[in-house]
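Chain A is the first sequence line, chain B the second, and so forth, proteins listed ahead of strands; every chain is numbered from 1. All of these numbers come straight from a predicted model, not from anything done at the bench. No hydrogens, no waters, no symmetry mates; every other heavy atom, side chains included, goes into these values.
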There are 2 protein chains.
Amino acid sequence: MPKPQNLNLNSSDNNHRLSDDVISPLEETHYVLEDQVGFILRGVSQRHLSLFSRLIPDLTPTQFSALSKLCQLGQASQNELGRLTAMDAATIKGVVDRLKLRELISSEPLSSDLRRLILKPTSAGRQLYNEVVMAAHAVTKETLEPLSDKEKEVFLDLLKKLT
Amino acid sequence: MPKPQNLNLNSSDNNHRLSDDVISPLEETHYVLEDQVGFILRGVSQRHLSLFSRLIPDLTPTQFSALSKLCQLGQASQNELGRLTAMDAATIKGVVDRLKLRELISSEPLSSDLRRLILKPTSAGRQLYNEVVMAAHAVTKETLEPLSDKEKEVFLDLLKKLT
DNA sequence: TGTTAATTGTTAGCATACAAACTAATTTGC
DNA sequence: GCAAATTAGTTTGTATGCTAACAATTAACA
């Protein structure tokens, strides 16, 4: 009979690293998916996305990011908007295309630099932004709902350090 | 001057909102993108993905999740594997298809339940898993690198609460 | 037994996300 | 003044992730 499996993948009592913890080189490779930050991060992102699409069915998170930035700035070039919303050029292009298709933003070339597209929200875009901005706050609130106020504060501080 | 960070979540000093927080109804709609948990979460996910693909160019995070689970379990049905790796049926199908294409896993119908596909890692799949599992640990480590040990612990605890 | 319900897997469509290759315009460096 | 480098934007390809609709199979139960 093989030794009782003492690997204890879900061990939470790791408060004692004693000699009985001596592990073979092979065991060194133990990988508990559920404990990896990337895996948990993906789960939290899924939950956030689910909340967002329930409370704001008309816009995706990135669409709302772009629209809100544009409404606050008044205007921006496409590339600039991508930088401000942490999207690369290819991604912001797709987002802008879909917002333009729905006539929530408009674009025109900048005469002084013909490479640039100057984007502005349309009145419909500004109206939609004003209509959903409270719901956007609610998304943030509901996402953080499992935490106490103090925990929320600490969590956001730590999360920002990981960007 | 900002308060020094206090990681003690049980602290009774729940620094209350002061009178300078009183805001007008119009200001109520203030939306600071950079302070929204969803936006920061996306940034952290981007950084994690970047680290992952640098340290493990051969597999995506979801592919590695599926492969690792399968290597640890020995076998699983496709739907079951999806549940264990937090992917819905459509998503796990795409991941499994790509792993099968590269012959890292194999599938065969289960005779006792013709709806199910039994998935197993191939020897190449197991070998690749063993080769990259240490790098996977390094991804987690590097992702959390900006935090102190204590902060890592607190952060993961809070993150798990948000799943 | 026979109808219904649940599960499994597939397909299609939309939206991110990134890399790479590309065009075009602008700025620089000599 | 002109070539080179940089910047802006587009396009393509791959991968992820969701929803929704669907077929096939199995399980539940009246």
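Between A:Arg54 atom CZ and D:dC18 atom P the separation is 14 Å, expressed in whole Å. Atom-to-atom, CG of B:Asp58 to P of D:dT14 comes out at 17 Å; the value is rounded to the nearest Å. Atom CZ in A:Phe52 sits roughly 17 Å away from atom C1' in D:dT19 (whole-Å rounding).
Residue order along DNA chain C, read from the 5' end via each residue's closest nucleotide, puts A:Thr60 first among A:Thr60 and B:Ser50. Mapping B:Ala86 and B:Ser111 onto DNA chain D by nearest heavy atom places B:Ala86 closer to the 5' end of the strand.
Shown for residues 37-47 of chain B: residues whose heavy atoms fall under 4.0 angstrom of DNA chain C, namely B:Arg42, B:Gln46. The stretch residues 91-104 of chain A comes close to DNA chain C through A:Thr91, A:Val95, A:Arg98, each having a heavy atom under 4.0 Å from the strand.
Relative orientation of the A:Tyr129 and B:Tyr31 rings is perpendicular, given thresholds of 30° and 60° on the angle between their planes.
Panel note: side chain B:Ser45, backbone B:Leu41; a donor-acceptor pair is recorded below 3.5 Å. Checking side-chain atoms of B:Arg42 against main-chain N and O of A:Ala86 turns up a donor-acceptor pair under 3.5 Å. A donor-acceptor pair is defined here as one N or O able to donate and one able to accept, closer than 3.5 Å; no such pair exists between the side chain of A:Gln127 and the backbone of A:Ala124. Of the possible polar contacts, one joining the A:His137 side chain to the B:His30 backbone as a donor-acceptor pair under 3.5 Å is found.
Put simply, chain A comes within 4.0 Å of DNA chain C, heavy atom to any atom, from C:dA15 to C:dT26, going 5' to 3'.
Taken over five-pair windows at either terminus, the axes of the helix from C:dT1-D:dA30 to C:dC30-D:dG1 are inclined to one another by 10° (rounded to 10 degrees).
Nearest heavy atoms, B:Val95 versus B:Ala66: CG1-CB, 4.0 Å.
A donor-acceptor contact closer than 3.5 angstrom is absent between the side chains of B:Ser106 and B:Lys100. For the residue pair B:Glu103 and B:Thr122, no side-chain donor N or O sits within less than 3.5 Å of a side-chain acceptor on the partner.
Both A:Val37 and B:Leu147 belong to a single network of hydrophobic side chains, linked directly or stepwise wherever heavy atoms of I, L, V, M, F, W or Y lie under 4.5 Å apart. Under a hydrophobic-cluster definition in which Ile, Leu, Val, Met, Phe, Trp and Tyr are linked whenever side-chain heavy atoms come within less than 4.5 Å, directly or via other members, A:Leu128 and A:Leu119 are assigned to the same cluster. In the hydrophobic clustering of this structure, A:Leu84 does not group with B:Leu33; members are Ile, Leu, Val, Met, Phe, Trp, Tyr whose side-chain heavy atoms approach within less than 4.5 Å, directly or through other members.
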Protein-to-nucleotide contact annotation, 5' to 3' order, nucleotides 20-25 of chain D [B base; S sugar-phosphate only; - none; under 4.0 Å, heavy atom]:
-----B
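Note on B:Lys152 versus B:Glu145: no salt bridge recorded, every NZ/NE/NH1/NH2 to OD/OE distance being 4.0 Å or above.
Applying the salt bridge (charged side-chain N to carboxylate O under 4.0 Å, His left out) criterion to B:Arg126, with sequence neighbours excluded, gives no partner residue.
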